[in-house]
Number of protein chains: 2
Amino acid sequence: MAEQSEPTRRAPLSRDRVLRTAVARADAAGIGSISMRGLAQELGVVPMALYKHVANKDELLDGMVDLVIEEFDPPADGLDWKAGVRSRVLSARRAVLRHPWARLAIESRTRRTPTVLGYMDSLAGAFRGGGFSAHLTHHVMHALGNRIWGFTPELFDEPRGDDALPPTAEEQEAMAREFAQRYPHILEIAMAATDGDLSGVGGGCDEQFEFEFALDLLLDGFERLQRQGWVRRPG
Amino acid sequence: MAEQSEPTRRAPLSRDRVLRTAVARADAAGIGSISMRGLAQELGVVPMALYKHVANKDELLDGMVDLVIEEFDPPADGLDWKAGVRSRVLSARRAVLRHPWARLAIESRTRRTPTVLGYMDSLAGAFRGGGFSAHLTHHVMHALGNRIWGFTPELFDEPRGDDALPPTAEEQEAMAREFAQRYPHILEIAMAATDGDLSGVGGGCDEQFEFEFALDLLLDGFERLQRQGWVRRPG
DNA sequence: ACCTGAACACCGTTCAAGT
DNA sequence: ACCTGAACACCGTTCAAGT
């Protein structure tokens, strides 16, 4: 009706605008909502127009991840290696938590963009500056693994219950009984973590605590190796 | 020309046959080659026929991952918790290495099938049997993270160079020079890991060693916590 | 020289129509 | 009652044709 195409209204496209729109869209509707066609429509352009700014969909995703990495806080001054690495990784975690799609996007990317390399280089530099040998630095970076991006795989998380209605109390009890038979240890550790509250079997632990638990365990291990004068392949 | 449709020839479909065909296809051509339509064609049936055996594509992928988990060796007798967990995780790793697509598939799955839960329960049981409290068991499972499946994220791996031709010696030197300027620490630790051989910047380290380095570091840390009588949230 | 409509070769999944 | 062809609502990407 009153609606009509108004081509003059649309802001000029740029790589930055494409990427920021994609990030906002993924923030709001998940990574599954990112398609070249859908994004083009949101930007009021023909799909093909995006290819002027990103080579293909993979590069779009790489660029989105780069934007998240650029949100990481710059390294703070005056910290030793351990406090420095810890604070940087926790800063990465805050950024990744702001963009829930980023975890899977980071895991599935294989290209190492300059932004990715820059962050990894700077973290490696923190270890080197703390007196770690190049060898030991290499191994501890691998040991941290994806934790450098601020996340641990969500081992116990439930499937996001989008569609399923919550079970009735009876169903819940029957499920719990069968679960207790088949997976007694999982039930036990899930109850330990949630003080007995089992709304959604296995879910609901304090993920932030688990992340810091593992991070500190690793950092303490690294410290011990370095103090012991670790060289090459021991044993 | 002699070719003709021979519907009587095709073996009867079953969930198992669908899943095993999908695994073989993914082994040969990667996870990207898995589509309901392509798989149906390989099985000589109409796409819709698959939906009799798997509810949808997600369930297909879950079933494929289950088949990989079923390849894990059963727990060995007579090992203490540490040797037991170590050998089971290394067995998981061997299975996952046999199916290169499994790593990404496992990371992207959110559903916990009975097979997945059974493996996790049995690993948790190993810690409990070794005298770990339910709380500590919960935290160490999270600390292991995806390492329970036998892989660490491939932090430094290069993009699989399918398309790009190998660079000339000159190009390689120019790239190396720029890389050394921008990412000195990555260069340093990459050279440390490969004894100076840099064919493909950052690649080619001993992934198996890195995996065991991190695994043992974690297991040692767990042992120390347990011996110290770790309770709830220290500090 | 620049831009893009239409096309290509796919997807996962639904559902009505046919046997 | 069982099965499936055709359709629906999408994809990423190419490329020739139009301005």
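The figures here come from the full heavy-atom set of this structure, side chains too, leaving out hydrogens, waters and symmetry mates. In what follows, every chain begins at residue 1, and chains take the letters A, B, ... in the order their sequences are listed.
- When the P atom is used for both dG18(C) and dC8(D), the distance is 16 Å, rounded to whole Å.
- Side-chain contact, Glu207(B) with His142(A): no donor N or O sits under 3.5 Å from an acceptor N or O.
- For residues 32-55 of chain A, the set of pairs meeting the side chain to side chain donor-acceptor pair (under 3.5 Å) definition, not counting sequence neighbours, comprises Arg25(A)-Glu42(A).
- Taking only side-chain atoms of Lys52(A), from C-beta outward, the nucleotide of dC3(C), dC11(D), dT4(D) with the closest atom is dC3(C).
- The side chain to side chain donor-acceptor pair (under 3.5 Å) pairs that include a residue from residues 143-152 of chain B number zero, where partners must be two or more places apart or lie in different chains.
- Between the P atoms of dC10(D) and dA9(C), the separation comes to 22 Å (whole Å).
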Side-chain atoms of residues 119-128 of chain A: list all donor-acceptor pairs with protein atoms under 3.5 Å, sequence neighbours left out, distances to 0.1 Å.
unit_1	atom_1	unit_2	atom_2	d
Tyr119(A)	OH	Ile148(A)	O	2.7
Asp121(A)	OD1	His185(B)	N	2.7
Asp121(A)	OD1	Ile186(B)	N	2.8
Asp121(A)	OD2	His185(B)	ND1	3.4
Ser122(A)	OG	Arg88(A)	NH1	2.1
Ser122(A)	OG	Arg88(A)	NH2	3.0
Arg128(A)	NE	Glu188(B)	OE1	2.7
Arg128(A)	NE	Glu188(B)	OE2	3.4
Arg128(A)	NH1	Phe132(A)	O	2.6
Arg128(A)	NH2	Glu188(B)	OE2	2.7

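- One interatomic measurement links the two molecules: CG of Leu50(A) to P of dG12(D), which rounds to 10 Å at whole-angstrom precision.
- Although no hydrogens or angles enter the test, the distance criterion places no donor-acceptor pair under 3.5 Å between the side chain of Asp62(A) and the main chain of Val65(A).
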Distance-only check: which donor-acceptor pairs under 3.5 Å involve side-chain atoms of residues 89-100 of chain A, not counting sequence neighbours?
unit_1	atom_1	unit_2	atom_2	d
Ser91(A)	OG	Asp73(A)	N	2.9
Ser91(A)	OG	Asp73(A)	OD2	3.1
Arg93(A)	NE	Gln208(A)	OE1	2.7
Arg93(A)	NH1	Gly150(A)	O	2.9
Arg94(A)	NH2	Asp73(A)	OD2	3.0
Arg98(A)	NH1	Glu71(A)	OE1	2.6
His99(A)	ND1	Asp27(A)	OD1	2.7
His99(A)	ND1	Asp27(A)	OD2	3.1
His99(A)	NE2	Glu71(A)	OE1	3.1
His99(A)	NE2	Glu71(A)	OE2	2.8

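- Among the atoms of the strands shown, only primed sugar atoms or phosphate atoms (P, OP1, OP2) are found under 4.0 Å from some heavy atom of Met36(B).
- Regarding Leu13(B), its CG atom lies at a distance of 17 Å from the P atom of dC2(D), rounded to whole Å.
- Ring geometry for Phe209(B) versus Phe213(B): interplanar angle of 30 to 60°, hence tilted.
- Between the CZ atom of Arg37(B) and the P atom of dG5(D) there is a distance of 12 Å, given to the nearest Å.
- Looking at residues 53-60 of chain B, you'll see Asn56(B), Lys57(B) sit with a heavy atom under 4.0 Å from some atom of DNA chain C.
- Looking at which nucleotide of DNA chain D each of Met48(A) and Ser33(A) is closest to, the 5′-most match is held by Ser33(A).
- Straight-line distance from the OH atom of Tyr51(A) to the P atom of dG5(C): 15 Å, rounded to whole Å.
- Of the residues Val54(B), Val45(B), Leu50(B), the one that meets the side chain to side chain contact (heavy atoms under 4.5 Å, CB included) test with Leu39(B) is Leu50(B).
- Along DNA chain C, the nucleotide nearest to Ala49(A) and the one nearest to Ile34(B) differ in position, and the one closer to the 5' end is contacted by Ala49(A).
- Across the P atoms, dA7(C) and dT19(D) are found 16 Å apart, a figure rounded to whole Å.
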> What do the steps show when you test Ile34(A) against Trp101(A) for side-chain contact (heavy atoms from CB on, under 4.5 Å), and what is the final call?
Replying inline: CA-CA 11 Å; Ile34(A) 298 300; Trp101(A) 50 270; over 6 Å; no
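- The distance between atom CD of Gln41(B) and atom C1' of dA9(C), rounded to the nearest whole Å, is 13 Å.
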>> Please convert DNA chain D into dot-bracket. A pair counts if it is Watson-Crick or G-U wobble with both distances under 3.5 Å; crossing pairs go in [ ] and bases paired with another strand get |.
In response: ||.|||||...|||||.||
